[in-house]
Amino acid sequence: MYRTILIDDEKFALKALKHLLKKYEDIEVVGTYTDVDEAFEKMRISKVDIVFLDIEMPKMKGIHAADKISSIDPSIDIIFVTAYNDYAVDAFEINAIDYVMKPVLKRRLDKTIERLRNKHHITDKDKESKPNKILCFRNFELFINNKIIKWRTSKSKELTAFLIYNKGEFVHRDKVIETLWPDKEYTQSIKLLHTSIYYIRKILKEAGTGDILIYSNEMYKLNTEELCCDICEFYKIEDMSDKITKHNIESLEKMISLYRGEYFEENDYSWVVHERERLSHIYMNTLKKMADYYNKQGKYNKSLFYLRKITEKDPYNEEIHEMVLDTYLLKKDFKSFLEYYNQLVSDFKKELDIELNNSIQKKYYKLNKSIKIDKYL
């Protein structure tokens with residue numbers, strides 16, 4: 001399902017396009033906007049896949065709005081909708097999926113949606129056969145045949161998570177007991193372990209996954225090879241993060257996309273704290289390296305996208321804020337530089353009651369001397 005928003009200064013045009021898009025089962029319109037700033041805010045706080053964007057708007061031209069959208073999330077697909085054909089070249093220079101003339105006709109929109117589907121290689125077969133999967137970032141969830149598993153007990157869920165945490169290696173039952181039932185007597189713990197194992201096997205058997213919970217010599221392991229597991233994929237890629245090159249950048253982008261939140265973030269598992277902190281450190285460092293890589297490639301919007309992910313987790317990291325400002329200077333986007341700087345000054349004063357460091361302030365004063373700042377405010 002594509003989460004889609006529509007931006008046009010004409011309410012009638014928005015209503016007409018929304019009505020047409022209802023005919024496509026894989027398109028979900030999650031917002032319509034006449035104000036581009038409201039649309040930008042939606043994209044910052046919620047996942048958006050597609051934007052239908054009018055080019056001729058009084059507050060901001062669509063071409064400039066598209067550039068802003070790319071800086072928020074470069075993965076968003078943009079489809080221009082306009083009554084003018086003079087902008088076609090500009091539209092495709094910024095890699096828009098399509099360029100549709102008003103009034104939008106169903107037969108023309110069919111081609112646009114088909115082009116979108118082809119880009120993402122989505123077929124009816126893809127939609128119907130979704131893999132069994134394990135999600136460990138943010139909240140631990142197990143999906144079998146595209147249905148989320150409902151756990152009989154919290155301990156059976158935690159035991160499954162603990163076996164995944166051990167990366168497919170055998171874990172002795174005494175270690176399991178010591179971790180999950182440290183305050184129980186041994187004989188009682190054994191019974192609780194066997195009960196939890198029984199519930200897990202029952203759940204997996206009913207789901208038809210086969211015998212992936214394996215027991216041998218008083219040890220247990222969970223075979224995740226038959227499942228699509230986000231943390232398993234993350235581990236396969238993390239060793240590449242030491243040095244970013246054109247050969248591994250796509251893999252690292254996939255690794256970053258897997259990180260939907262911290263490892264078992266919403267699960268109160270004390271045994272995962274150290275690994276959670278380690279993975280968070282890898283994630284943040286990789287984001288910084290990717291932002292630096294894209295700046296050197298001249299892909300400033302992508303750099304800003306990854307820097308923004310860091311500031312979402314660490315809002316008072318002045319080093320990263322300085323990188324954001326430097327990127328705006330490289331883009332020669334002085335308006336965004338000043339808006340960002342002024343917001344930083346306000347936030348640091350209001351929340352921390354401190355001023356920005358001298359290095360950041362010097363950038364502002366240097367820019368103030370070199371250009372007429374007033375025209376950008």
Side-chain angles (χ1 to χ4, degrees), residues 1-3 43-49 72-77 119-122 126-127 129-144 146-149 157 160-169 212 222-267 269 271-294 299 302-314 320:
M1 183 69 74
Y2 298 111
R3 291 174 56 82
M43 285 177 256
R44 290 189 186 99
I45 65 176
S46 180
K47 174 63 177 171
V48 172
D49 301 306
I72 294 171
D73 184 347
S75 71
I76 293 175
D77 289 319
K119 180 192 173 188
H120 293 275
H121 307 289
I122 292 179
D126 294 326
K127 286 188 247 180
S129 65
K130 301 202 175 176
N132 301 331
K133 61 185 177 182
I134 301 170
L135 300 181
C136 301
F137 288 108
R138 189 181 298 140
N139 185 34
F140 173 50
E141 294 173 319
L142 173 59
F143 291 83
I144 303 295
N146 206 35
K147 293 181 180 179
I148 189 168
I149 292 298
K157 178 178 181 179
T160 306
F162 184 64
L163 293 175
I164 293 168
Y165 165 80
N166 281 277
K167 305 179 182 178
E169 299 293 329
I212 63 173
L222 191 71
N223 181 8
T224 60
E225 292 180 3
E226 300 299 319
L227 304 169
C228 178
C229 175
D230 59 357
I231 188 63
C232 303
E233 290 299 309
F234 192 96
Y235 284 139
K236 289 177 184 177
I237 302 170
E238 69 166 294
D239 289 341
M240 299 181 187
S241 63
D242 288 341
K243 185 176 181 180
I244 297 177
T245 69
K246 64 180 181 180
H247 302 295
N248 66 14
I249 186 66
E250 287 188 10
S251 295
L252 291 169
E253 285 183 335
K254 178 183 178 181
M255 186 183 88
I256 292 302
S257 71
L258 291 169
Y259 197 99
R260 302 177 304 120
E262 294 191 357
Y263 189 31
F264 294 139
E265 179 181 349
E266 296 179 5
N267 307 104
Y269 303 149
W271 42 265
V272 79
V273 172
H274 177 75
E275 182 67 355
R276 178 186 292 154
E277 291 175 353
R278 189 186 76 84
L279 293 175
S280 177
H281 181 73
I282 290 171
Y283 172 73
M284 297 289 271
N285 277 351
T286 304
L287 287 173
K288 182 180 174 182
K289 290 176 184 177
M290 291 177 73
D292 185 60
Y293 172 85
Y294 278 121
K299 297 180 179 180
K302 277 206 166 186
S303 177
L304 289 167
F305 172 69
Y306 290 112
L307 289 172
R308 189 172 290 107
K309 282 185 172 292
I310 301 177
T311 59
E312 286 171 359
K313 284 177 64 65
D314 188 4
I320 302 304

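Heavy-atom basis, side chains included; hydrogens, waters and symmetry copies ignored.
- Residues Asp77 and Tyr2 are not in side-chain contact: their nearest non-hydrogen atoms beyond the backbone lie 4.5 Å or more apart.
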Under the side-chain contact (heavy atoms from CB on, under 4.5 Å) rule, what do Ile310 and Lys288 come out as? Steps first, then yes or no, please.
-> CA-CA 8 Å; Ile310 301 177; Lys288 182 180 174 182; 4.0 Å; yes

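- Residues satisfying the side-chain contact (heavy atoms from CB on, under 4.5 Å) test with Ser257, not counting sequence neighbours, are Lys254.
- At distances below 3.5 Å, at least one donor-acceptor pair connects side-chain atoms of Asn248 with backbone N or O atoms of Lys243.
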Step by step, work out the side-chain contact (heavy atoms from CB on, under 4.5 Å) result for Asp314 and Ile320.
-> CA-CA 9 Å; Asp314 188 4; Ile320 302 304; 6.0 Å; no

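- From Phe305, atom CZ reaches atom OG of Ser75 across 5.5 Å, with rounding to the nearest 0.5 Å.
- Other residues, nucleotides and ligands contribute at most 12 non-hydrogen atoms within 6.0 Å of the CD atom of Glu250.
- No side-chain heavy atom of Lys299 sits under 4.5 Å from any side-chain heavy atom of Tyr293.
- Considering only heavy atoms from C-beta on, Lys47 comes within 4.5 Å of Asp73 through its side chain.
- Taken to the nearest 0.5 Å, the CG atom of Asn223 stands 4.5 Å off from the CD atom of Glu225.
- For the pair Lys313 and Glu262, the minimum side-chain heavy-atom distance is below 4.5 Å.
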Carefully, step by step, assess Glu312 and Lys309 under the rule salt bridge (charged side-chain N to carboxylate O under 4.0 Å, His left out).
-> CA-CA 5 Å; Glu312 286 171 359; Lys309 282 185 172 292; 5.3 Å; no

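- Among all heavy-atom pairs drawn from Ile76 and Val48, the shortest one is CG1-O, 3.3 Å.
- Between Ile244 and Leu252 the shortest side-chain heavy-atom distance falls below 4.5 Å.
- A 4.5 Å side-chain heavy-atom check between Ile134 and Phe140 finds at least one atom pair inside the cut-off.
- Between Tyr263 and Tyr235, the ring planes are perpendicular. Angles over 60° get that label, and only those under 30° would be called parallel.
- Taking CD1 of Ile249 as the reference point, atom NZ of Lys246 lies at 13.0 Å (rounded to 0.5 Å).
- Atom OH of Tyr165 sits about 11.0 Å away from atom CD1 of Ile231, to the nearest 0.5 Å.
- Interatomic distance, Cys229 SG to Lys167 NZ, rounded to the nearest 0.5 Å: 11.5 Å.
- Residues Met290 and Ile256 share a closest heavy-atom pair of SD-CG1, 3.6 Å.
- Expressed to the nearest 0.5 Å, how far CZ of Arg308 lies from CD1 of Ile72 amounts to 6.0 Å.
- For the pair Lys133 and Phe143, the cation-pi criterion (under 6.0 Å, within 45° of the ring axis) is fulfilled.
- Counting only heavy atoms from C-beta outward, the side chains of Thr224 and Leu163 never approach each other to under 4.5 Å.
- The side-chain heavy atoms of Phe264 and Trp271, taken from C-beta on, include a pair separated by under 4.5 Å.
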Under the salt bridge (charged side-chain N to carboxylate O under 4.0 Å, His left out) criterion, do Glu265 and Arg260 qualify, and how do the steps go?
-> CA-CA 10 Å; Glu265 179 181 349; Arg260 302 177 304 120; over 6 Å; no

List the atom pairs, with distances to 0.1 Å, where a side-chain N or O of residues 277-284 and a protein N or O form a donor-acceptor pair under 3.5 Å, not counting sequence neighbours.
unit_1	atom_1	unit_2	atom_2	d
Arg278	NE	Glu275	OE1	2.9
Arg278	NH1	Glu238	OE1	3.1
Arg278	NH2	Glu238	OE2	3.2
Arg278	NH2	Glu275	OE2	3.0
His281	NE2	Asn285	ND2	2.9

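- Heavy-atom minimum distance, Leu258 versus Phe137: O-CD1, 3.3 Å.
- Judged purely by atom type and a 3.5 angstrom limit, Asp49 uses its side chain to pair as donor or acceptor with the backbone of Arg3.
- Of all heavy-atom pairs between Asp230 and Leu135, the closest is OD2-CA, 3.4 Å.
- Of all non-hydrogen atoms in Ser303 and Ala291, the two that sit nearest each other are OG-O, 2.9 Å.
- For the pair Tyr306 and Leu287, the tightest heavy-atom approach, listed with the atom from each and the gap, is CD2-CD2, 3.6 Å.
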